[in-house]
Amino acid sequence: MKVIKFGGTSLGTALRMKKVAELVANENAIVVLSAISGTTNSLTEIVQLLYKNERNTAKETIVELKKHYEKFINELLSSEEYSDKAHNLINSHFNHIDSFTEDLFTIHEEKTILAQGELLSTALFKLYLEEINVGSCLLSALDFMRIDKDLEPDSFYIQHNLVRELSTCESKLYITQGYICRNFFGEIDNLKRGGSDYTAALIGEAVKASEIEIWTDIDGMHNNDPRVVDKTYSIERLSYDEAAELAYFGAKILHPASVYPAQLSGIPISLKNTLDPDKVGTIIEKEVGEREFTAVAGKDGITAIKIKSGRMLLAYGFLRKIFDIFERYKTPIDVITTSEVAVSLTIDDHTNLDAIYDELRYLGEVSIHKDLSIVCVVGNFSHDKRGSGNKIFDCLKNIPIRMVSYGGSQHNVSVVIETQYKKEAMIALNQGLFNQ
Ligand code: ADP
Ligand code: ASP
Ligand code: MG
């Protein structure tokens, strides 16, 4: 059985949703849907307004979003019977969202509001399939997708409950929501932005799928970020390691955590374009041929923290003390470099930055630099290779570089630079490494 995931842009208009139905109608597959494009952004905006107690503006935004859905269903469903069902459906979801504008607003309400996008898209898709007489079962991800107290997926629970849910269905086409899940306490939660890819990978691992297909608005992983650089091309084959590095360092086409579950079970991931389904796209699998440079990715919103201390000289245990602080605040470190008297590292989650800073100050002189980006070159840089670093740094000769990471993995060379130079750096790498 395959797992097939469609992102928001693949569902952005009624016409596109119909196209998705056509693509899956004859499949034996679990179909994972994101929210219709723009929905999670609007829901996030509503949440922010409610946290600020700006209830009237929140209500206006809810009305606007509902209007968008009314237009969508008028174009999606043709019979009166199914139009009525769809109108009732969106009324009930939007009344539910609106009910949160009246009372105290907490993280629990936030997560419930954010879940409405995927609940709506899957329910509307199911109605459309029924209207065109395609049999399917709608499974609620809230009945099987769960994260544990460390916010990690609970694989045993997911598999056990998913298998049970699948067995209750008579059709061979299953529809479910990406992104949403329950947490350790059984409350509604989510897998963070872009998390529908992760849902697809976790489902793929749970059912030992033959393939995980991620359908989006571009023909697979490109050699550089098409939002930043004009001339990019699609890469036909990628290894799991390369894909994971690219996703982690900013290639938005894949949620960073989504590669590992597939890799664990050796399931190929294929990235396909809903707007151009005949294009090959990208296959991600175990082995791909040797290739020096594969792709470039960039990630913004990076903060560098430097800890300088004479006590570090010839001392051991210093790094452990630093890592311990980041671990306690559940803040991952991306890039790290050390010298004899200083350590520089980067983070992209600033939630606990102030508290981390306060604790680090006991270890030495701490300086913090914001508005940085990581630019990462992915390829094969095994330790016996010569010259790759030279080629990369030659491209970057006009860019001020703050940090460099080489050798941490065979597949990644990263530099930390000020965000204002990111575009220039990515274009220069595109020209110098890929002749684009
Ligand atoms: P979906 O809504 O289908 O999940 P996303 O917007 O999350 O789609 O991901 C697709 C987008 O990822 C593309 O439109 C593209 O702009 C962006 N992207 C960033 N880096 C890359 C890359 N290296 N290759 C392909 N797409 C990329
Ligand atoms: N709808 C969620 C988001 O926009 C999840 C996803 O699209 O993958 O982040
Ligand atoms: Mg996405």
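Just so you know, residue 1 is the first one in the sequence shown, and it goes up from there. We count ligands from 1, going down the list as the structure has it; atoms in each ligand are counted the same way. Note: hydrogens, waters and symmetry copies are ignored here, and every other heavy atom, side chains too, is used.
Distances below 4.0 Å separate heavy atoms of G220 from the following atoms of ligand 1: 24 (N), 25 (C). The ligand atoms of ligand 1 that sit less than 4.0 angstrom from a heavy atom of T9 are 2 (O), 3 (O). Of all the atoms in ligand 1, the ones that sit under 4.0 Å from a non-hydrogen atom of M221 are 22 (C), 23 (N), 24 (N). Heavy-atom contacts of K5 reach the following atoms of ligand 1: 4 (O) (cutoff under 4.0 Å). Of all atoms in ligand 1, numbered sequentially from 1 with element shown, those under 4.0 Å from a heavy atom of G7 are 1 (P), 2 (O), 3 (O), 4 (O).
Within the 4.0 Å heavy-atom cutoff, L271 does not count among the residues contacting ligand 1. Heavy-atom distances between G178 and ligand 2 stay at or above 4.0 Å for every pair. Ligand 2 has no atom lying under 4.0 Å from any heavy atom of G8. Residue-ligand proximity: A295 is placed with every non-hydrogen atom at 4.0 Å or more from ligand 1.
With respect to the salt-bridge test (charged N to carboxylate O, under 4.0 angstrom), the residues E70 and K67 do not qualify. A salt bridge is defined here as a Lys NZ or Arg NE, NH1 or NH2 lying under 4.0 Å from an Asp or Glu carboxylate O, and K126 with E130 meets this definition. Salt-bridge annotation for K59 and E102: present, with a side-chain N of the basic residue lying under 4.0 Å from a carboxylate O of the acidic one. Ion pair K85/E131 not flagged as a salt bridge, since none of the NZ, NE, NH1 or NH2 atoms sits closer than 4.0 Å to an Asp/Glu carboxylate oxygen. Salt bridge annotation for D276-K279: present, with a cationic side-chain nitrogen under 4.0 angstrom from a carboxylate oxygen. Here E213 does not pair with K5 in a salt bridge; the nearest charged N to carboxylate O distance is not below 4.0 Å. In summary, K111 and E187 do not engage in a salt bridge, as defined by a charged side-chain N under 4.0 Å from a carboxylate O.
Among all non-hydrogen protein atoms, the one lying nearest atom 3 (C) of ligand 2 is R193 NE, 3.3 Å. Remark: minimum distance from atom 16 (O) of ligand 1 to any protein heavy atom is reached at R227 CG, 3.2 Å. What sits closest to atom 5 (P) of ligand 1 on the protein, heavy atoms only, is K252 NZ, 3.6 Å. Protein heavy atom nearest atom 23 (N) of ligand 1, with residue, atom name and distance: H222 O, 3.3 Å. Nearest protein heavy-atom contact of atom 2 (O) of ligand 1 is G8 N, 3.2 Å. At the shortest separation from atom 6 (C) of ligand 2 among protein heavy atoms lies S196 OG, 3.4 Å. Closest to atom 13 (C) of ligand 1 among all protein heavy atoms lies D217 OD1, 3.5 Å.
The side-chain tip of K231 does not point at the ring of F434 from less than 6.0 angstrom away and within 45° of straight on. Stacking of K66 on the aromatic ring of Y69 is not recorded, the 6.0 Å distance cut-off and the 45° axial limit not both being met.
When only modelled atom types and interatomic distance are considered, D217 and N273 share no side-chain donor-acceptor pair under 3.5 Å. Between the side chains of D349 and T351, at least one donor N or O lies within less than 3.5 Å of an accepting N or O.
Using a 4.0 Å cut-off between heavy atoms, P226 contacts ligand 1 through its side chain alone, with no backbone atom that close. Proximity of S34 to ligand 2, defined as any heavy-atom pair under 4.0 Å, is confined to the side chain (atoms from C-beta onward). For E118, every heavy-atom contact with ligand 2 shorter than 4.0 Å involves the side chain, none the backbone. Contact annotation: for D197 versus ligand 1, there are no heavy atoms closer than 4.0 Å.
Comparing heavy-atom distances from atom 26 (N) of ligand 1 across I253, T216, D219, V229 singles out I253 as nearest. Among L11, N223, D225, the residue whose heavy atom sits closest to atom 20 (N) of ligand 1 is D225.
Looking at T40 next to ligand 2, an N or O pair under 3.5 Å apart turns up. Close N/O approach between S10 and ligand 1 is not found [any backbone or side-chain N/O within under 3.5 Å]. The shortest N or O to N or O distance between I218 and ligand 1 is not under 3.5 Å.
Partner T282 forms a side chain to side chain contact (heavy atoms under 4.5 Å, CB included) with one of I214, L238, I218, I269 and no other, that one being L238.
Enclosure of atom NZ in K385 by more than 12 non-hydrogen atoms of other residues, nucleotides or ligands within 6.0 angstrom is indicated.
Distance check: N412 CG to F249 CZ gives 5.0 Å after rounding to the nearest 0.5 Å.
With sequence neighbours excluded, the residues forming a side-chain contact (heavy atoms from CB on, under 4.5 Å) with I188 are T112, A115, L142, R182, listed by chain and number.
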